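Written out below as C-alpha cells is the structure these notes cover.
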2 protein chains.
Amino acid sequence: MEPTILDVAEKAGVSPSTVSRVINETAPVAEATKKKVTDAIESLGYRTNKFAHALRKQSSNVFGIIVPDISNPFFSTLIRGAEDRFHEGGLSTMICDTKGEPKKEIRNIEMLVKERVDGVVATSAESAGNGINRLFEEEIPVVAVDRSPTSNEITTVLADNEGSGKKATGHLLEKGCRRIGFVRGPSGVSTAHERFTGYVNALEERELHADDDLITQGDFTFSSGKRALERLREKNRNSGPPDGLVVANDLMAVGVIRKAEELNVKVPGDLAVVGFDDILLSKLINPTLTTVSAPTYRMGATAAGLLLNEVESNRMGRADRGKRVVFATELVERESSQLGGG
Amino acid sequence: MEPTILDVAEKAGVSPSTVSRVINETAPVAEATKKKVTDAIESLGYRTNKFAHALRKQSSNVFGIIVPDISNPFFSTLIRGAEDRFHEGGLSTMICDTKGEPKKEIRNIEMLVKERVDGVVATSAESAGNGINRLFEEEIPVVAVDRSPTSNEITTVLADNEGSGKKATGHLLEKGCRRIGFVRGPSGVSTAHERFTGYVNALEERELHADDDLITQGDFTFSSGKRALERLREKNRNSGPPDGLVVANDLMAVGVIRKAEELNVKVPGDLAVVGFDDILLSKLINPTLTTVSAPTYRMGATAAGLLLNEVESNRMGRADRGKRVVFATELVERESSQLGGG
DNA sequence: TTATGTTATGAAAAGGTTTTCATAACTGGT
DNA sequence: ACCAGTTATGAAAACCTTTTCATAACATAA
C-alpha cells in the first residue's frame, strides 16, 4: 500500500541504496540520478518508514521531557523552549508529567526507556531516589534543568537561584523592611534551598542575620503558603510580626497574601511580599505579586541544545558531560512590595 | 550487546519462534519449554526490541493527545485521564500542546503522523481548518474530546455545555438577578457557543429574552475578560448595567472580577459572576468564583477508552465510528454569586 | 486400524531501511 | 598511456521481530 524505498528505486530505475543516499545525502549521487529519484519520491508520495529506519539506525529520534507539573506555567514554558529546539531538528518529543509523585516518575521513565528515546531533558521530581539513575543505567543521555541532580556527571541548566534570593531580599531591605522572614520550599528541592541561601547571604552582607523565628517551611502549594503565614504570626506574637516576607515560590506567596487578607494584615502596608517564578497568577491576583523571574524559555531551549550536543558527541565516540550553565534572573516589581508609598 | 530473541532461543535450546510465542502467548507452548524460555529471558535480562516489534507489527503502540494549552488545568486533567487509561494498557503517549496556534497544531500533527501513532485523542484547537482531517487522510483513528469536530464521523466526548449554560444562568436568576449578561467565547469554539445557547434557553424558558446590549465577546483570555466588562458598562450607560454576568470561561471571569474592582463595582453585591471550568485559580482569587465544572478526568479517560475500542475494531476489520458521549456538569457555588446576602 | 484433528515446534519469509563491500567508470597526474 | 584516486552505483547483509507454512507427534473418533 504505502510505497517503500523499493518502489521508489524501481520507478526511478536505480537501486534502493541510491535512493537512500539521495534521501540522507550520505554519499555523492550524480545530478541526473538525483533528479530521477526525487521525482519518483514526489510522484509516489514516499515517506521513509519510521520503524524500519529506527530498527536499522538503532535510534528513535524521539526525546523525552520530564517535569513535575505541566500545568505549572513555569514548566510549560520550559517545555516549550525545549520542544521548539527539538522540533527545529525534526526530532519528536514525549512530555512526561510526574505530578511530583515518585511512582509516576518511575512509570514515565520506564515508558521512555521502552520507547528507546535518544535522550531526556529532566526536571527531576524529587531529590530522593530520583529515577534519573535508571536512565544512566540504560546509557540514555540526560540533561537536568532547573534543579540540581545528585550526580555531578550530569549536564545541568539552572537559574541563579541564590542570586534570586539575594535580589528578593535586597529589594525588601531597600523598601525599608526590618524584620524579613522566609518561607522555605520542600527540603529536597535544590531550587528552594538555594533561594534560601541567597536570603541568608543578603542579610549577612549587610551584617544582619536571619532570625530563626522568622523562618518557616512550606511545600510549594497554595495552602502551605496560607499555613506558613499563620505559623509565622503565631511564633512572633511577642517579638513583633515580620514586615517583609520572601516566599520560595509564587504559589505559596499567593497563599500568604490570601491568608493576610483573612487576618486583616495589609499587603502591602503591613507586610511586603516577594515570590519566585513569575507565574501567570502573579499578575492576576490583587495585589499583583512582586517576584523574581528566570528566562524559562531559554533555559528549556538551552537544555535541549546541550542534550543534542551530548548525543552527537556520543555518536562520535567522545564523551563530554557534566557541563553547567547558570542563567541570571530578574526582579519583577509589582504591588505586593510597595511599602508605604515608597 | 543487548540480548536478542535469538540469544534467548539459543540459551533455552529452542527456536526464536517458540520464544516469541511464549512472550506473546500467541500459540500453545508446552509447560516445560515455557519454563526454559522464561528462565532464559530472566537470566539474560531480555526485553523485546521496540523497533523490530513495531516494524513487524506495523504499529507503534503510541497514542497522541492534542490539547490547545497544557498549562490550563482543565486540559492537564483531561490529559491525565487519557494518559492513565493508555498506561494501564502498557501503551505510550505523546502529548502535544498547540498553544491554540493552527501552525503549531499542524506541526504537532505532522509529528504524530511521522511517529505513526496508533490513534489520537484531540481537543482540536480551532474550528477552522483543523488538522484532524490530516489524521483522517492517514487513516489514524481519532476521538474528539471537549469540542465538537466538524465531521460527525468522529467519535466525540463532550461535557453538557448547553446544560452548563442553563445551570449558570438559572443560578443567577434564583439569586435575584434581573439583567443578566453573557460574555461569549471565541466564535469557532463549539464549547463556547453551546454555553451561550444554554444561557439563551434558560432565559426563554422563563419567558425572558437576551438583550443584545448585554452580550459581548471575548477570546478566553484574562485580558479579554477585562475588556468585556468595560464594553458592557459602556454600552449600558443609559439602560443600567447588568447585575449578573455569565462568562464563557473562568479565566475571562477572573478578568471581569479584576476590572470590576478597578471600576469600584462590587462583586458580589453590584454584580454576580459565574464562570465555567473550575480551574485552580477560581478557588484562589478574591472573591472565589462560582463556576460550572465538568468531570474532566473521566472525560479524558473515556475518550481514551473509546479510542482503544475503535483501534481494536479496526484490527478486527469492523469499523465503528461516530459515537457520542455527553457528561453532565455541576454548579460549584462560591462567593462571586452570593448577591446581597441572599 | 485408518482417518482426522489438535498440540508443539522449527525453518524461513517478511517487514523497510541503511551500510558495507565490490565494481565500474572516470579524473588527473606523470 | 598507465596508475592512483575519486565518483557513482548495485548487490547483499544486517537490524530484530512476528507469522506463515511445514512437519511431527499424539489423541480421538469411526
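In what follows, every chain begins at residue 1, and chains take the letters A, B, ... in the order their sequences are listed. Every value quoted in this text rests on a predicted model; they were computed, and no experiment measured them.
D118(A) and S59(A) share a side-chain donor-acceptor pair at under 3.5 Å. If you check the side chains of T98(A) and N108(A), you find no donor sitting under 3.5 Å from an acceptor. Using modelled atom types, one finds a donor on one side chain and an acceptor on the other under 3.5 Å when comparing S20(B) with N24(B). A side-chain donor from one of E310(A) and T155(A) sits under 3.5 Å from a side-chain acceptor of the other.
At the heavy-atom level, T4(B) lies under 4.0 Å from the strands shown only through sugar-phosphate atoms. Contact annotation for T18(B): backbone-only contact, meaning every heavy-atom pair under 4.0 Å involves sugar-phosphate atoms and none involves a base.
Taking the nucleotide of DNA chain C with the nearest heavy atom to each of R21(B) and L6(A), the more 5' of the two is matched to R21(B).
Proximity of P141(A) to L307(A): side-chain heavy atoms (C-beta onward) are separated by under 4.5 Å at one or more points. In this structure, V120(A) and L112(A) have side chains that are in contact, with non-hydrogen atoms separated by less than 4.5 Å. Counting heavy atoms from C-beta on, the side chains of L158(B) and D146(B) never come closer than 4.5 Å.
Near DNA chain D, meaning a heavy atom under 4.0 Å from it, residues 49-57 of chain A has L55(A), R56(A) in order of number. Near-neighbour residues of DNA chain D inside residues 22-29 of chain A, defined by a heavy atom below 4.0 Å, number-ordered: P28(A), V29(A).
The CD1 atom of I5(A) sits 6 Å away from the C1' atom of dT17(C) (whole-angstrom rounding). One interatomic measurement links the two molecules: CD of Q58(A) to C1' of dG16(C), which rounds to 14 Å at whole-angstrom precision.
Listed here is the closest heavy atom pair of A40(B) and A12(B): CB-CB, 4.0 Å. When all heavy atoms of L78(A) and M299(A) are compared, the pair lying nearest together is CD1-CB, 4.0 Å.
On the nucleic acid side, DNA chain D has its first and last nucleotide under 4.0 Å of a heavy atom of chain A at dA8(D) to dC16(D), going 5' to 3'.
Side-chain atoms of K99(A) do not come within 3.5 Å of backbone N or O of R80(B) as any donor-acceptor pair.
Between E101(B) atom CD and D69(B) atom CG the span is 10.5 Å, to the nearest 0.5 Å.
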